[in-house]
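Note sheet for the following structure.
Positions are given from 1 along the sequence. What you see is a predicted model, and the numbers here were worked out from it, not measured in a lab.
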Amino acid sequence: MDAARTRSFVDATWDDAILPALCEYVKIPNQSPLFDRAWREHGHMERATSLVANWIEEQKIPGAKLEVVRLEDRTPLIYVDVPGDGDDVVLLYGHLDKQPPMLPWAPGLDPWTPVVKNGRLYGRGGADDGYAAFASTTALKALKAQGAKHARCVMLIEACEESGSFDLPYYIEHLAPRLGKPSLVVCLDSGCGDYERLWSTTSLRGLVAGDLVVEVLTEGVHSGDGSGVIASSFRILRGLLDRLEDARTGRILPDVFHTPIPEARKRQAATAAGVIGEAIHRKMPTVPGMKPMSDDLVELMLNRTWRPMLSVTGAAGLPPLENAGNVLRPKTAVKLSLRLPPRLDAPKAAAALKELLEKDPPYGAKVSFGGEKASAGWDAPPLAPWLEKATDDASAAFFGKPACYMGEGGSIPFMGMLGARFPDAQFLITGVLGPQSNAHGPNEFLDLATGKRLTASVAHVIAEHFARRR
């Protein structure tokens, strides 16, 4: 493909067609089913699905067939099949469901109101992961526009990723006869260390999430009467978490939640840390005086990609400060998010976590841990020489700098599923979630220049996939 023509075509499509559609998409509060239990009744997911599907249809890719697949009691999935040359298959993946708004946003910004400012589109879901369907479609259009040969391309856009993709295995099984056996998977739901080069994700962490509930009373009592007689539910809960985590260092204590870090991944982490530098932690919106967990940048990189880490993401049973009387409360509950290393068996980790927290409850308190989801991590297979060269060439052509490789700390359950089902496939896992883009948090944004360059890079890699594998 001619890089200049590709760049011109992609830039024009983003400006004229993608950005207006993405702005409409941002307006739709189509939260993932985990966060909107009444998603069917509200109709937001259906609106978002229709918007994306109609836009893809309007692009009129020659020979493309689109279907909104609907399995009973499951979120919809957009399936697009684009004919190509030969029998090989490229699978492109994205999702259209969103995280909750996470208020407050900065003045002038709102999760459901698109704002374009300084080359960035602000709004929930634009970067995670609404742009993926538009970018993937445009990459395929760019191939067709130049008459470039490519393998048959199949696009899957799901609506359940932010809930752990619990619907996706059913669709993968349902569509298996039509999917074929992909030799390349392109996923646009990952991150980038900066906005200056093409980043390829080499690993992803898994996740166990659920609610830890500690109950000590059937109703609250005066703290002057009850404290010292009945243990505080908060203190018991704090002690249970000490079984899991060293509160001083953040290290997860049980060996069952760890896996060895391969030497190759350590080397990649060192290279990525050298490229990113102190932006690894400086990109975080820390309060004045807050320091990172380590002064060693490589250790920080490994912490966020290959080590288990705990976050408490929600709480219940604690009244607002202004309403907090002198009461020994009946219960305390927290939502736990335990990130798991790649290669760790997620269901076994979930079972181990439940046993660890529930066994031998202090004072006979009622303790329960309900695992909301258990998603496996993923470690990429060795990079084929053709894909390494294609990635580097694309980065040089459209970003002007060499490509870089690193693990990511988040989860994409689809990758674990595909890695197990297609062990011989190659993977280009990339995305626009760079410094301050703040997926899942307030002020999420999509860097538009990065979206354009990434789209052109995907077109280049798909063309090279056909040329170099023959």
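The aromatic rings of Phe414 and Tyr93 sit parallel, their planes meeting at an angle under 30°, below the 60° perpendicular limit.
Going from atom CG of Leu300 over to atom CG of Asp295 covers 8.0 Å, rounded to the nearest 0.5 Å. Here CE of Met415 is found 12.5 Å from OG of Ser375. Values are rounded to the nearest 0.5 Å. Once rounded to the nearest 0.5 Å, the distance linking CG of Leu19 with CD of Glu24 reads 10.5 Å. Atom CG of Asn30 is separated from atom CZ of Phe35 by 12.5 Å, given to the nearest 0.5 angstrom. Considering OG1 of Thr75 and CD of Glu46, their distance stands at 11.0 Å, rounded to 0.5 Å. Rounding to the nearest 0.5 Å gives a distance of 4.0 Å between CG of Leu71 and OH of Tyr171.
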Report the C-alpha separation of Glu158 and Ser165 in whole Å, then their side-chain angles, then the decisive distance to 0.1 Å, and conclude whether the side chain to side chain donor-acceptor pair (under 3.5 Å) test is met.
CA-CA 8 Å; Glu158 68 159 313; Ser165 293; 2.7 Å; yes
Would Arg205 and Thr305 count as a side-chain contact (heavy atoms from CB on, under 4.5 Å) if you check the C-alpha gap in whole Å, the side-chain angles of each, and the deciding distance to 0.1 Å?
CA-CA 6 Å; Arg205 286 192 293 185; Thr305 58; 5.6 Å; no
Test Lys389 against Glu464 for salt bridge (charged side-chain N to carboxylate O under 4.0 Å, His left out), laying out the working first.
CA-CA 9 Å; Lys389 186 177 189 314; Glu464 289 298 294; 5.9 Å; no
Working note: Asp36 + His44, criterion side chain to side chain donor-acceptor pair (under 3.5 Å); need CA distance, chi angles, decisive distance, verdict.
CA-CA 10 Å; Asp36 183 3; His44 303 311; 5.4 Å; no
Steps toward side-chain contact (heavy atoms from CB on, under 4.5 Å) verdict (Ile157, Leu77):
CA-CA 6 Å; Ile157 307 297; Leu77 178 138; over 6 Å; no
Using salt bridge (charged side-chain N to carboxylate O under 4.0 Å, His left out), reason through Lys335 and Asp211 one step at a time and then give a plain yes or no.
CA-CA 4 Å; Lys335 185 175 291 293; Asp211 297 339; 2.8 Å; yes
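In this structure, Thr113 contributes its side chain and Leu109 its backbone to no donor-acceptor pair below 3.5 Å. In terms of modelled atom types and a separation under 3.5 Å, the side chain of Thr430 and the main chain of Leu188 share no donor-acceptor contact. The backbone N or O of Ser190 sits nowhere less than 3.5 Å from a side-chain atom of Thr201 that would complete a donor-acceptor pair. Proximity of a side-chain donor or acceptor of Glu444 to a complementary backbone N or O of Asp128 within less than 3.5 Å is detected. Side-chain N or O atoms of Ser411 include none that pairs as donor or acceptor with a backbone N or O of Pro413 at under 3.5 Å. Without hydrogens or angle criteria, Asn443 side chain to Ala106 main chain gives a donor-acceptor distance under 3.5 Å. Side chain of Asp97 to backbone of Glu162: a donor-acceptor contact under 3.5 angstrom is found.
The cationic group of Lys98 lies under 6.0 Å from the six-membered ring centre of Tyr25 and within 45° of the ring axis, placing it in a cation-pi geometry. Tyr170 carries Arg74 over the face of its six-membered ring, with the cationic atom under 6.0 Å from the centre and within 45° of the normal. Geometric assessment of Arg120 against the ring of Phe445 yields a positive cation-pi assignment under the 6.0 Å and 45° thresholds.
In this structure, the side chains of Pro341 and Arg307 stay at 4.5 Å or more apart for every pair of heavy atoms. Taking 4.5 Å as the limit, every side-chain heavy atom of His150 sits out of range of all side-chain heavy atoms of Val90. Between Trp14 and Tyr131, the closest side-chain pair of non-hydrogen atoms falls below 4.5 Å. Here the side chains of Asp88 and Lys181 are not in contact, with every heavy-atom distance at 4.5 Å or above. Here the side chains of Glu388 and Ser200 are not in contact, with every heavy-atom distance at 4.5 Å or above.
With 3.5 Å as the limit, one finds a donor-acceptor pair spanning the side chains of Gln146 and Thr6. Checking Trp306 against Ser203 by side-chain atom types alone, a donor-acceptor pair falls below 3.5 Å. Between the side chains of His95 and Asp189, a donor-acceptor pair is found at a separation under 3.5 Å. In this model, no donor atom of one side chain and acceptor atom of the other lie less than 3.5 Å apart for Arg339 and Ser311.
The distance between the ring centers of Trp378 and Phe427 falls below 6.0 angstrom. A ring-centre distance under 6.0 Å is found for His465 and Trp386. Note: Trp199 and Tyr405 fail the aromatic proximity criterion, with ring centroids not under 6.0 Å apart.
Residue Asp16 qualifies as enclosed at atom CG: its count of foreign heavy atoms under 6.0 Å is above 12. For Asp246, the CG atom is densely surrounded, since the number of other residues' heavy atoms within 6.0 Å is greater than 12.
Using a 4.0 Å cut-off between charged nitrogen and carboxylate oxygen, Arg421 and Glu173 count as a salt-bridge pair. Checked for salt-bridge contact, Asp81 and Lys65 miss the test: no charged N lies under 4.0 Å from a carboxylate O. For Asp15 and Lys452, the salt-bridge test passes: some basic side-chain N is under 4.0 Å from an acidic carboxylate O. Salt bridge absent: Arg7 and Asp11 never bring a charged side-chain N and a carboxylate O closer than 4.0 Å.
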Would you give me the side-chain donor-acceptor pairs under 3.5 Å for residues 258-266, sequence neighbours excluded?
residue	atom	partner	partner atom	Å
His258	NE2	Ile252	O	2.7
Thr259	OG1	Pro342	O	3.3
Glu263	OE2	Lys266	NZ	3.4
Arg265	NE	Asp379	OD1	2.9
Arg265	NH1	Gln268	OE1	2.9
Arg265	NH2	Thr202	O	3.4
Arg265	NH2	Asp379	OD1	2.9
Arg265	NH2	Ala380	O	3.0

